[in-house]
Every structure is written in C-alpha cells, then in structure tokens.
Amino acid sequence: MIPATFDYEVASSVDHALALLKKGGEAAKAIAGGQSLLPMMRLRLARPTMFIDLGRLNDLSYVKTTGDHIAIGALTRHHDLEYSAALKKHCPVLAHAAGLVGDPQVRHRGTIGGAVAHGDPASDLPTVLLALDAEFVIRSGKKDRTVPAAEFFTGLFETAVTPTELLVEIRVPKLSAKKHGWSYVKFNRRAQDWAIVGVAAVVERKNGSIAHAAIGLTNMGTTPVRATAVEQALAGAAGSAVAEAAAGASEAGSPSSDLNASADYRRHLAQVLTRRAVEEALAR
C-alpha cells in the first residue's frame, strides 16, 4: 500500500528539529532510520502530515563512558551498538540484543532512539533497557528532563515523549563482569521476525546466591513488562530455585492472541524463556 502524502523537512540541528516539531504539531513525526515508522505508514496505521528527517544530526550518534553509566546518543545505529567496545565491556547485554534486531540491513539503518520512541512492545531493545533500569533524556526547547525506564513506556506505541519533544540520549548502568550475569533470549519463527516472546535477565550474584535479579519481558503486554514476581522469588535464592521462580513469569503482563501465538502460548513461553535466561545469566 502507498503511504498518504506528507511534507518533508530536514533538520540541521536538534533545535531546528524541535522548532519543526512545534510547527507541525501532533501530525509531525521525526524519523531517523525509518525502520519502524515507514512500515506503519505503508499500512496506513500512521499518517503523519510532516516528516522531520533527523538523519544528519551526527552529534546524536555516540557511545560514551561517563562515571557509573554509559551514555548513548539517540541516533546511534543498532550495528554500532552491537560492535561498541564500551558496551561489550560494561553493558554486554545491550550489545548482544542489538545484534539480534532484524537483519543486517535493518541494523545498519535503525537507531536505538527510533526503536525506543516507537514504543513497540514486541521490540527487543525496550525490554533490555527496562531490565537495566535505563534513563531516557528528553529535550524540549533548551530544557532536558530525565525519565526512568519504568515510567517511559506508557502504552501501545506510546511513550513519555510528547509530540513537541525529542529523545536525545539513553543512559545505562555499567555492569560488573565479576558480579553481574546477563542474558537476552527470544522465540521467533524466523531470525528477522519480531519476538513472539523475549526475556531479558540481569542478575547480581553474591556469596553463591542471587542478590538481585531484573527480568524484562517482550511482547507480554502493551508495553515491555517487568516480571516482578520472578524478581522477588529470586532475591536471596540459590540457582536451584530458578525453575520454580520462573513460573511467575506466566502471570506477568497481559499478553494478546494473534496469528503468531495465543495468549496462553505466550504465557508458557515466558515461563520457559525466563528459566533459560536466568540460568544463562548465572552461568556467565
């Protein structure tokens, strides 16, 4: 299907992009790689009247190590995340998940900011960022505000970014190779397909037991979901308790039924993949 007609503007700076968003109002959409928005436009599920191209804002493409966290520019492409030396050393779960997004063509065009701001609950990176308790820096005019991951994803294809704001940076914590284990596993029909269900696990070990666990679920609701019951069951537990604790993942979220899977099947997958993810995280 051919998308509806729209005006096209190229942003020369972040301030210029914000001015264009203000001018276009709610019918304007910012675009970078276009891997999320363009398919929706072809299906007429999205009909922006103005396109604001952010592709030339190179100052929003970076991965920087800062204090106890890593700062990632919103226009950093998935391919660059996958091969970032800083992420591989300090937050390898994000680099790993970026390498699982779509296919090489998608990873060379798609950006982390686009994937996150799109708010698709079937997307991989939002789930990983939720499990990491990432922070999102949103700019409006000359002001920035920081939103925690738990408050960023507000509904199906909805986030805390308003129509006149831009997501400019994502901040993730540094993980200790000695204390933290991690995993992201997903089940899909083909390698480039959206996850039917995915699980991100970040586990902190202490004295042979699990001091803390963060579990994020993909495609188990209208937003990425934290499996809090599993996290609570794992706190202070030994590795032998993983299978029993993972059963709580089936109760997290409100999965839907579609052509790929029923809600019951998704609940079963969440339980199985949570066990696998936590066991893999503990083995690292």
Side-chain angles (χ1 to χ4, degrees), residues 2-64 66 69-81 84 98 101 106-120 123 125-126 129 134-172 223-224:
I2 299 173
T5 58
F6 55 86
D7 294 328
Y8 176 78
E9 300 279 358
V10 178
S12 57
S13 66
V14 173
D15 288 343
H16 185 211
L18 289 169
L20 290 171
L21 285 170
K22 185 176 181 180
K23 175 183 176 183
E26 293 189 3
K29 289 290 185 181
I31 186 171
Q35 302 303 295
S36 299
L37 183 57
L38 288 176
M40 292 188 68
M41 290 182 63
R42 285 196 291 268
L43 294 172
R44 297 292 180 101
L45 296 175
R47 300 185 65 172
T49 59
M50 180 188 288
F51 247 0
I52 301 168
D53 189 345
L54 307 178
R56 301 183 188 182
L57 305 186
N58 295 326
D59 55 335
L60 291 185
S61 177
Y62 57 83
V63 179
K64 299 177 181 178
T66 306
H69 69 271
I70 299 173
I72 304 168
L75 296 190
T76 308
R77 303 196 184 276
H78 303 317
H79 173 270
D80 297 327
L81 296 174
S84 165
V101 175
V106 169
R107 293 194 291 274
H108 276 84
R109 292 294 304 164
T111 64
I112 186 172
V116 169
H118 186 52
D120 190 339
S123 184
L125 298 187
L129 293 171
E135 294 181 337
F136 301 86
V137 181
I138 301 170
R139 183 164 300 170
S140 175
K142 297 294 184 180
K143 298 179 180 179
D144 289 352
R145 62 188 180 99
T146 302
V147 178
E151 300 174 9
F152 184 81
F153 304 101
T154 59
L156 183 63
F157 300 121
E158 296 179 347
T159 69
V161 184
T162 69
T164 57
E165 294 180 316
L166 276 180
L167 174 65
V168 294
E169 185 175 275
I170 297 101
R171 297 169 182 167
V172 296
T223 66

Taking all atoms of both residues into account, what is the closest heavy-atom pair of [X] and [Y], and its distance?
{"X": "V101", "Y": "H78", "result": "CG1-CD2, 3.8 Å"}
{"X": "A160", "Y": "V147", "result": "CB-CG1, 4.2 Å"}
{"X": "A32", "Y": "L75", "result": "CB-CD2, 3.6 Å"}
{"X": "A134", "Y": "V172", "result": "CB-CG1, 4.0 Å"}
{"X": "V116", "Y": "T159", "result": "O-CG2, 3.6 Å"}
{"X": "L166", "Y": "A30", "result": "CD2-CB, 4.0 Å"}

Handout entry: Donor-acceptor under 3.5 Å (S140 side chain, K143 main chain)
Key = no
Check side chain to side chain donor-acceptor pair (under 3.5 Å) between [X] and all other residues, then give those that pass, not counting sequence neighbours.
{"X": "R139", "result": "D144"}
{"X": "S12", "result": "H16"}
{"X": "E165", "result": "R145, T162"}

Can you give each donor-acceptor pair under 3.5 Å made by side-chain atoms of residues 19-26, sequence neighbours left out, with the distance rounded to 0.1 Å?
none

Practice task
May I have all residue pairs that pass salt bridge (Lys or Arg N to Asp or Glu O under 4.0 Å) and include part of residues 5-18, sequence neighbours excluded?
Solution key: D15-K142
Handout entry: With T146 via side-chain contact (heavy atoms from CB on, under 4.5 Å) - residues at least two apart
Key =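 Partners of T146 under the side-chain contact (heavy atoms from CB on, under 4.5 Å) test: E135, V137, R171.
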Completion exercise
Output for pair (L81 CG, I72 CD1), nearest 0.5 Å, gives 5.5 Å
Exercise for the section: Drop me the distance from I170's CD1 to L129's CG, to the nearest 0.5 angstrom. Expected result: 6.5 Å
Fill in the blank from the handout: Hits for ring pair (Phe, Tyr, Trp, His ring centres under 6.0 Å) against H108, two or more places apart or cross-chain, chain-then-number order -> H79
Practice task
Please identify each residue that fulfils ring pair (Phe, Tyr, Trp, His ring centres under 6.0 Å) with F152, with sequence neighbours left out.
Solution key: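 So F152 forms a ring pair (Phe, Tyr, Trp, His ring centres under 6.0 Å) with F136.
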Handout entry: With R107 via salt bridge (Lys or Arg N to Asp or Glu O under 4.0 Å) - residues at least two apart
Key =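 Expected list: E82.
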N/O donor to acceptor pairs below 3.5 angstrom from side-chain atoms of residues 50-64, sequence neighbours left out:
unit_1, atom_1, unit_2, atom_2, d
D53, OD1, G55, N, 2.8
D53, OD2, Y8, OH, 2.5
Y62, OH, E169, OE1, 2.4

